[in-house]
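Whatever order the structure lists them in is the order used to number ligands and atoms, beginning at 1.
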Amino acid sequence: MARIIDGKVVAAELRNRVAGEVARVKSQHDLTPGLAVLLVGNDPASEVYVRSKHAQTQAAGMASFEHKLPTDVTQAELLALILKLNRDPAVHGILVQLPLPGPLNAEAVIHAIDPAKDVDGLHPSNAGRLAGGFAALTPCTPLGCILLTKSVHSSLEGMSAIVIGRSNLVGRPLVQLLLNQNVTVTIAHSRSRDLPQLIRRVDLVYAAVGRPELVRGDWIKPGATVIDVGINRTAAEGGKTRLVGDVAFHEALDIAGAITPVPGGVGQMTVACLLANTLRAACAIAGLPNPAV
Ligand code: NAD
């Protein structure tokens with residue numbers, strides 16, 4: 001029976017480390033890290049995420065600046081706000097909640113963010129630095145995946161992994177982070193052939209696809225560590241919906257060595273990593289050494 005990796009516990013430990021370092025930079029350097037979150041429109045799921053980010057940012061002792069903009073905000077108005085936040089010394093992290101509604105161009109918006117404040121790690125400057133093996137602000141969900149894996153294996157060196165999915169938000173940066181840990185990585189995507197055979201060979205499985213229970217239990221190498229990024233809503237009894245991952249959890253439990261549940265796994269880590277990135281950005285902008293988080 002696999003060990004269930006508790007994302008709540010790992011995320012709470014990270015949030016505690018962040019809060020400790022925030023208190024230290026406040027007292028030693030009079031620096032209060034600040035995160036600005038921009039939400040366009042009133043998508044209920046995005047509103048829940050933004051509220052949670054706001055509460056967790058404040059709980060860590062940081063300043064939280066929420067900018068709620070109407071659905072009909074123009075591209076020019078949104079860009080003007082980003083440029084203002086780029087210049088604001090109280091703001092060290094800028095996050096635009098995606099997806100953006102309507103005709104707004106997400107790529108242009110992301111490109112407008114100062115790379116030093118790009119705590120989502122999506123600016124091409126940060127993506128390029130990460131791909132080149134240089135220090136970079138890195139997308140939060142892949143960072144969370146690495147921390148969850150390290151809660152099982154203190155060193156990943158020499159291990160083999162598969163990353164299923166090649167999005168800019170999860171799959172691609174995760175591949176780079178695994179390379180930085182000296183892991184041998186296979187990248188799979190919608191055109192890959194014989195996914196079960198590719199998965200059966202590896203020690204670490206990362207599923208970031210968005211297909212409910214795509215990865216079956218008997219595809220997994222016995223004892224492998226499985227990190228399930230997928231969040232899929234499926235129909236449940238009584239007309240309700242149920243969240244499931246990209247991995248058939250109950251099948252995998254019998255075969256894997258360790259596995260993250262959905263919910264309660266990777267999803268818990270994303271905001272905690274966002275706080276860590278905001279603290280890192282604040283220290284870098286102030287010319288301080290990297291915080292110990
Ligand atoms: P995406 O749609 O941008 O990318 C999906 C990837 O899966 C693509 O690269 C595609 O090539 C690949 N793919 C599609 N079908 C495939 C198949 N049959 N076999 C192999 N690969 C296939 O999605 P994303 O933004 O990377 O998100 C992936 C999943 O992770 C979604 O369920 C999303 O909700 C979830 N997610 C969770 C968090 C979190 O905090 N837990 C954060 C981001 C995304």
Side-chain angles (χ1 to χ4, degrees), residues 4-12 14-15 37 43-53 56 95-100 106-107 110 119-122 127 130-131 138-149 151 161-178 185-202 205-216 219-220 226-234 241-249 259-277:
I4 296 178
I5 305 168
D6 191 339
K8 264 192 197 147
V9 170
V10 183
L14 176 57
R15 284 199 304 270
V37 175
D43 173 62
S46 294
E47 283 188 335
V48 171
Y49 286 135
V50 168
R51 267 203 301 276
S52 161
K53 282 168 187 164
Q56 292 190 41
L95 180 142
V96 179
Q97 186 67 41
L98 299 175
L100 288 173
E107 200 178 318
I110 290 165
V119 284
D120 234 357
L122 292 175
L130 178 65
T138 306
C140 301
T141 302
L143 272 179
C145 291
I146 298 290
L147 289 176
L148 290 171
T149 316
S151 75
I162 187 163
V163 175
I164 316 163
R166 56 179 165 183
S167 70
N168 287 341
L169 188 62
V170 189
R172 284 173 201 262
L174 181 53
V175 167
Q176 304 300 338
L177 289 172
L178 287 165
V185 195
T186 301
I187 309 161
H189 45 76
S190 52
R191 309 285 171 88
S192 295
R193 295 199 187 124
D194 204 354
L195 197 55
Q197 275 308 326
L198 295 173
I199 294 175
R200 230 169 250 135
R201 293 207 295 250
V202 298
V205 179
Y206 298 88
V209 183
R211 300 272 149 96
E213 302 183 328
L214 171 81
V215 177
R216 311 310 310 186
W219 298 7
I220 294 165
V226 179
I227 307 291
D228 190 350
V229 185
I231 300 177
N232 308 290
R233 277 175 207 284
T234 57
T241 57
R242 178 172 81 95
L243 284 189
V244 297
D246 290 344
V247 179
F249 181 75
I259 184 167
T260 58
V262 176
V266 176
Q268 296 286 327
M269 296 298 296
T270 301
V271 180
C273 288
L274 175 67
L275 304 181
N277 270 356

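In this view, Ser52 and Gln56 satisfy the side-chain hydrogen bond (donor to acceptor under 3.5 Å, both in side chains) rule, not counting sequence neighbours. Arg216 pairs by the side-chain hydrogen bond (donor to acceptor under 3.5 Å, both in side chains) definition with Glu251, not counting sequence neighbours. Residues satisfying the side-chain hydrogen bond (donor to acceptor under 3.5 Å, both in side chains) test with Asn277, not counting sequence neighbours, are Arg280.
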Are there any protein N or O atoms under 3.5 Å from the N or O atoms of ligand 1? List them with distances, or say none.
residue  : atom   : partner : partner atom : Å
ligand 1 : 9 (O)  : Arg166  : N            : 2.8
ligand 1 : 11 (O) : Ser190  : N            : 3.1
ligand 1 : 11 (O) : Ser190  : OG           : 3.4
ligand 1 : 15 (N) : Arg211  : NH1          : 3.1
ligand 1 : 21 (N) : His189  : O            : 3.4
ligand 1 : 21 (N) : Ser190  : N            : 3.4
ligand 1 : 26 (O) : Ser167  : OG           : 2.5
ligand 1 : 30 (O) : Val229  : O            : 3.4
ligand 1 : 32 (O) : Ile231  : N            : 3.0
ligand 1 : 32 (O) : Ile231  : O            : 3.4
ligand 1 : 40 (O) : Thr270  : OG1          : 2.8

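Results of the side-chain contact (heavy atoms from CB on, under 4.5 Å) test with Val209 over Asn232, Leu195, Asp246, Val170 single out Asp246 as the only residue that passes. Screening Val215, Leu178, Ile199 for a side-chain contact (heavy atoms from CB on, under 4.5 Å) involving Ile162 leaves a single residue, Ile199.
In terms of modelled atom types and a separation under 3.5 Å, the side chain of Arg172 and the main chain of Ser167 share no donor-acceptor contact.
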